[in-house]
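Encoded as structure tokens, the structure appears first; notes follow it.
Chain identifiers are assigned alphabetically (A, B, ...) following the order of the sequence lines, protein sequences preceding nucleic acid strands; residue numbering begins at 1 within each chain. Hydrogens, waters and symmetry mates play no part in the numbers below; they use all other heavy atoms, side chains included.
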Amino acid sequence: MRRLRADELPAGTVDLAKALIGCVLVRNAPEGGSAGRIVETEAYVIGDPASHAYRGKSRRNASMFLAAHRAYVYKIYGTSFCMNVTSERANEGAAVLVRALEPLAGLDLIERRRRTTRAIDLCRGPGRLCQALAIDAALDGVDLLRGRELWLAAASADPRPLGTSRRIGITKASRRRLRFFERGNPFVSGPKKMSW
DNA sequence: TAGGCGATGCTCT
DNA sequence: GAGCATCGCCTAG
């Protein structure tokens, strides 16, 4: 598993959201390592009414304003965490939400954390993948290219064709097609009906 | 198998 | 006090 370098990733939130499909998210926890291949992302661009950064910096979204390739982790609905990759220069406020992974390594650990062995349910959905890789607020702001506990590795295989759709679970600007996923991959979340 | 809905707690207004 | 980038259980078909 080889670390991604900054010069391998495109500038701009939408292009980064596409480029991250197929890359691998690696988690090094005290209890062991685990990893998954990114199969679904959503872009939250500058000036996007659906973005947490839209109303400016606050305590919760502060790390969304870090320079590109940092983790922005926050708690949603009191129960689940969501993980984003920042995508612009410092103080711009944009990120790519990682919505689903295909489990690759540390399956035992992932199954124990998720309390299920049903492969399809292990990392499908932003809250689930955070639980699967033990990603929580302690990892908010870490550098995903240089970090030791959580980092990004280069694509493990050539990705299949990319699909796009509206984003899931939001009310504002919901018509914009800023969700990207690997077509035909069973580990993708959301509606099965796909469009591109 | 798909869709409805309650739990849950934090953040911002 | 409202709303939220969700999850998992339950029910109906």
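- If you run side chain to side chain contact (heavy atoms under 4.5 Å, CB included) between Ser34(A) and each of Ile110(A), Leu107(A), Asn28(A), Leu101(A), only Ile110(A) comes through.
- For residues 126-137 of chain A, the set of pairs meeting the side chain to side chain donor-acceptor pair (under 3.5 Å) definition, not counting sequence neighbours, comprises Arg114(A)-Gln131(A).
- Every residue was checked against the salt bridge (charged side-chain N to carboxylate O under 4.0 Å, His left out) condition with Arg148(A), not counting sequence neighbours, and none meets it.
- For the side-chain hydrogen bond (donor to acceptor under 3.5 Å, both in side chains) test, residues two or more places apart in sequence or in another chain that qualify with Arg146(A) are Asp143(A).
- Across residues 112-122 of chain A, Arg114(A) each have a non-hydrogen atom less than 4.0 Å from an atom of DNA chain C (numbered order).
- Aromatic ring centres of His52(A) and Tyr74(A): separated by under 6.0 Å.
- In this structure, Arg60(A) does not reach the dC10(B) phosphate: none of its side-chain N or O atoms is under 4.0 Å from OP1 or OP2.
- If you check every strand for non-hydrogen atoms under 4.0 Å, Thr171(A) touches sugar and phosphate atoms only.
- Under the salt bridge (charged side-chain N to carboxylate O under 4.0 Å, His left out) criterion, Arg112(A) pairs with no residue at all, not counting sequence neighbours.
- A salt bridge is defined here as a Lys NZ or Arg NE, NH1 or NH2 lying under 4.0 Å from an Asp or Glu carboxylate O, and Arg60(A) with Asp140(A) fails to meet this definition.
- Contacts between chain A and DNA chain C, taken as any atom within less than 4.0 angstrom of a protein heavy atom, begin and end at dC4(C) to dG8(C).
- Residues forming a salt bridge (charged side-chain N to carboxylate O under 4.0 Å, His left out) with Arg113(A) (at least two apart in sequence, or on another chain): Glu31(A).
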(message) For DNA chain B, please output the secondary structure as dot-bracket, reading 5' to 3'. Pairs are Watson-Crick or G-U wobble, both atom distances under 3.5 Å; mark crossing pairs with [ ], other-strand partners with |, unpaired with a dot.
(response) |||||||.||||.
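- By the side chain to side chain contact (heavy atoms under 4.5 Å, CB included) test, Leu104(A) is found to be paired with Val24(A), Arg37(A), Ser156(A), residues two or more places apart in sequence or in another chain being considered.
- Members clustered with Tyr54(A): none, using a 4.5 Å side-chain heavy-atom cutoff among hydrophobic residues.
- Nearer to the 5' terminus of DNA chain C, by closest-nucleotide assignment, is the contact made by Val96(A) (compared with the other of Arg128(A) and Val96(A)).
- Checked against side-chain hydrogen bond (donor to acceptor under 3.5 Å, both in side chains), Arg5(A) has the following partners two or more places apart in sequence or in another chain: Asp7(A).
- Note on Glu42(A) versus Arg167(A): no salt bridge recorded, every NZ/NE/NH1/NH2 to OD/OE distance being 4.0 Å or above.
- The stretch residues 73-89 of chain A touches DNA chain B through Tyr77(A), Gly78(A), Thr79(A), each having a heavy atom under 4.0 angstrom from the strand.
- Not one N or O on the side chain of Arg2(A) forms a donor-acceptor pair closer than 3.5 Å with the backbone of Ala154(A).
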